[in-house]
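In what follows, a structure is listed as structure tokens, so that the remarks can point back to it.
Along the sequence shown, residues are numbered consecutively beginning with 1.
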Amino acid sequence: MAEPSGFGPNMSWDDLLKGMGVNPNNGEEGGAQQPQPEIHFKKPSKKALIPIVIVGILLVAFLYWWFHPAINIHSDSLWSFVCLFIFLPLFLLFRSLSKKAEEGSLKEPPNAKKAGTFKKLSWVPVGAFVLVLVGAVAGASFIPGNAARYSSILPITTEDFAEDIEMVDYDTIPVIDRDSAVLLGNRTLGEIPEYVSQFEISNMYSQINYQGRPVRVSPLNYEDFFKWVNNMSTGLPGYVIVDMASQNTKVVRTETPIYYSESEPFDRNIDRYVQLKYPFYMFEEKSFEIDEEGTPWWVCPVQTRTIGLFGGETIERVVLVNASTGECQDYAIEDCPQWVDRAYPSDLLVQQYNWYGTYLNGWLNSWLGQTGVTQTTPGTNGLPGYNYVVKDDDVWMYTGVTSATADNSIIGFVLVNQRTSEAHFYYISGATEASAMESAEGQVQNLRYSATFPLLLNINDQPTYFMALKDGAGLVKKYAMIDIQRYQNVAVGDTVSECQKSYKALLASNGVGATSSDGTEAAGLVVKGTIHSMASAVIDGNTHFYVTLEDNDQIFDCALPAQLEIVGYKEGDKIKLTYIAGDGICTVSAIG
């Protein structure tokens, strides 16, 4: 049998190795290094790329569904989403491809042209990001013309306090603040064991005007994810309502359960639901309200940016979402239903007024001369300080206005309708809310009570701060009224009625509130008679005349200089006194 070609009995070992394709000198001195075999990777086909593209699209779609930014060029959340999940990945991808093409690989040699192309493409997302920054800068207040545009977003009219603000109705004064309402609400929920084990109260507690009463309402939430799993088919049973005047609190069970809430994790999450239903709307801070029939609604204001890309925020529409059925109603802001109380968020209104006060006389003046520059008064916790007043069946936000140096006095205060953004300014000099709170606390310093942020009341045509005084447990123990213009005049009482009586007497003793805004006599009791006796005394540096009348056991206090006419009377003279009844001593407010 013939031997295979190349093989024979005289074949050497080297010949045998060469016949097998192996260099016998490889790795030895003098031997030639053989090239290593190249590894070739198969280029992915177009069909193989299709699943990758689909997965990428689905991933972006899921991220959009989860974060649900508004599809609007003025939305900062959209640009944050695009920069993080589109611009940045594209930049890194093109940079990586450019470097790979520049260095080459076993598969392809270096390609400077391709590397340059990828490098240029990497600048596309960078350029888009720069355009976004330019748009943001275009809304800056120092851009010519922008200061005037900022100052005109919230039109302000100047009004007279005594004429515009009605005399207070003591039955509807909110005597507690938000923190106290939260305590009362949680306590009420604790009285229903089957609710406590499954639900909790949302921290929203929106203040609204409901059937003529100042109340705070807040929906129930699922306590955690597992409680949601147990109850998602039956929904949330209702909401909590706290009467801010009577302090009555109850849990209201709705006829149809609440299915759309903040505690829903998926499709029925109220933020996700309304944003995906109106993908091009930019929604501001929402609130929870009930209409006059007690039906729960989510009030979702739609914002617009009027200066540059992100500046000059205001509200242009309102979307109302039925919390039980998911029904949506879309209104222009001027067509918003009367029962809605909070179309404009309070913080936004404070910001808009600060734009007005800061840029009214131009941008340069806002930080150099500061002529006429004003701002709202801050709260005691460093956040904006404001409270609410019910007027014309609407809820108005009010806050004091102070100078640019933010001293301890106000030059006036502003009321803004939270449904229409109608704004009124009142020129009244006096103490800031924080100063008034300190003054009230000083009256009961031995008890170490803390004052709530004041309400604004009209008492005898005098702007008055009203606040509750709470103990360390957050329970209301006393009430205080303070004259805004003369904040050393502080009246404290265990009840609102007692506090009011003491305050009116204090005003009368200082000659304040003797006549009403139309020039008629101030409200009060009237007595006529013959002076039986007169005596004077100096109290706290002020002279007081104490008068008694024949056939009358009461003592009437006529304080000077308010009731200076009393010096012209003597015993035996006929006199007419308008007074405020007190315990033992009546305070005279007018002498006829």
Side-chain angles (χ1 to χ4, degrees), residues 21 23 26-27 32-143 146 266 271-272 275-283 303-313:
N23 184 1
N26 187 28
Q33 182 72 28
Q34 295 295 316
Q36 296 295 322
E38 294 184 1
I39 301 176
H40 295 277
F41 294 95
K42 186 177 180 181
K43 184 177 181 180
S45 63
K46 293 183 179 180
K47 290 184 178 181
L49 289 175
I50 293 177
I52 298 176
V53 173
I54 292 176
V55 169
I57 293 174
L58 291 177
L59 178 61
V60 172
F62 171 78
L63 291 173
Y64 169 75
W65 176 85
W66 184 259
F67 293 105
H68 48 274
I71 304 177
N72 191 306
I73 62 170
H74 296 288
S75 171
D76 47 6
S77 60
L78 173 68
W79 288 116
S80 298
F81 179 87
V82 170
C83 289
L84 183 61
F85 296 113
I86 298 179
F87 285 173
L88 181 60
L90 284 177
F91 175 78
L92 296 177
L93 173 64
F94 287 135
R95 281 287 174 168
S96 176
L97 292 175
S98 176
K99 185 176 181 181
K100 184 177 180 181
E102 184 179 2
E103 295 178 351
S105 63
L106 294 176
K107 181 181 177 182
E108 294 183 0
N111 189 325
K113 183 177 180 180
K114 184 182 292 186
T117 300
F118 284 130
K119 194 169 186 178
K120 290 178 181 178
L121 289 174
S122 70
W123 288 107
V124 173
V126 175
F129 177 72
V130 170
L131 288 177
V132 174
L133 293 181
V134 171
V137 173
S141 58
F142 60 81
I143 300 296
N146 279 0
F266 301 119
D271 294 311
R272 181 176 293 114
Q275 185 64 77
L276 294 181
K277 196 170 184 67
Y278 298 91
F280 303 109
Y281 283 1
M282 297 185 296
F283 288 100
Q303 61 173 272
T304 183
R305 308 294 177 90
T306 60
I307 305 174
L309 200 57
F310 303 122
E313 179 183 346

Say whether, by atom type as modelled, one donor and one acceptor occur between the side chain of [X] and the main chain of [Y] under 3.5 angstrom.
X: Asn146; Y: Ala140; answer: yes
X: His74; Y: Leu309; answer: yes
X: Gln275; Y: Tyr281; answer: yes

Mind checking the [atom1]-[atom2] spacing from [X] to [Y]? Nearest 0.5 Å is all I need.
X: Glu313; Y: Ile307; atom1: CD; atom2: CD1; value: 11.5 Å
X: Phe81; Y: Ile71; atom1: CZ; atom2: CD1; value: 9.5 Å
X: Leu92; Y: Leu97; atom1: CG; atom2: CG; value: 11.0 Å
X: Lys277; Y: His68; atom1: NZ; atom2: NE2; value: 15.5 Å
X: Leu78; Y: Phe67; atom1: CG; atom2: CZ; value: 13.5 Å
X: Leu276; Y: Asp271; atom1: CG; atom2: CG; value: 10.5 Å

Inset, instruction - Please indicate whether Trp123 has more than 12 foreign heavy atoms, meaning atoms of other residues, nucleotides or ligands, lying under 6.0 Å from its CH2. - result: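 Not buried by this count: 12 neighbours or fewer within 6.0 Å.
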Inset, instruction - Can you see which heavy atom on Ala70 is nearest to which on Ser77, and at what distance? - result: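 It is N-OG, 4.0 Å.
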Legend entry - Arg305 and Met282, any side-chain heavy atoms less than 4.5 Å apart: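 Met282 reaches Arg305 side chain to side chain.
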Legend entry - Step-by-step side chain to side chain contact (heavy atoms under 4.5 Å, CB included) determination, Asn72 to Gln303: CA-CA 11 Å; Asn72 191 306; Gln303 61 173 272; over 6 Å; no
Inset, instruction - Please work out whether the ring planes of Phe87 and Trp79 are parallel, tilted or perpendicular, with thresholds of 30° and 60°. - result: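 Tilted: the ring planes of Phe87 and Trp79 meet at 30° to 60°.
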Legend entry - Phe94 and its side chain to side chain contact (heavy atoms under 4.5 Å, CB included) partner, picked from Leu121, Thr117, Val126: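 When Leu121, Thr117, Val126 are each tested with Phe94, the side chain to side chain contact (heavy atoms under 4.5 Å, CB included) holds only for Leu121.
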Inset, instruction - Keeping to residues at least two apart or across chains, list the side-chain hydrogen bond (donor to acceptor under 3.5 Å, both in side chains) pairs with something in residues 86-99. - result: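 Of all non-adjacent pairs touching residues 86-99, those that pass side-chain hydrogen bond (donor to acceptor under 3.5 Å, both in side chains) are Arg95-Ser122.
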Inset, instruction - Give a yes or no on whether the ring-centroid distance for Phe129 and Phe91 is below 6.0 angstrom. - result: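 Centroid separation for Phe129 and Phe91: 6.0 Å or greater.
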Inset, instruction - May I have the step-by-step check of side chain to side chain contact (heavy atoms under 4.5 Å, CB included) for Tyr64 and Phe85, ending in yes or no? - result: CA-CA 10 Å; Tyr64 169 75; Phe85 296 113; over 6 Å; no
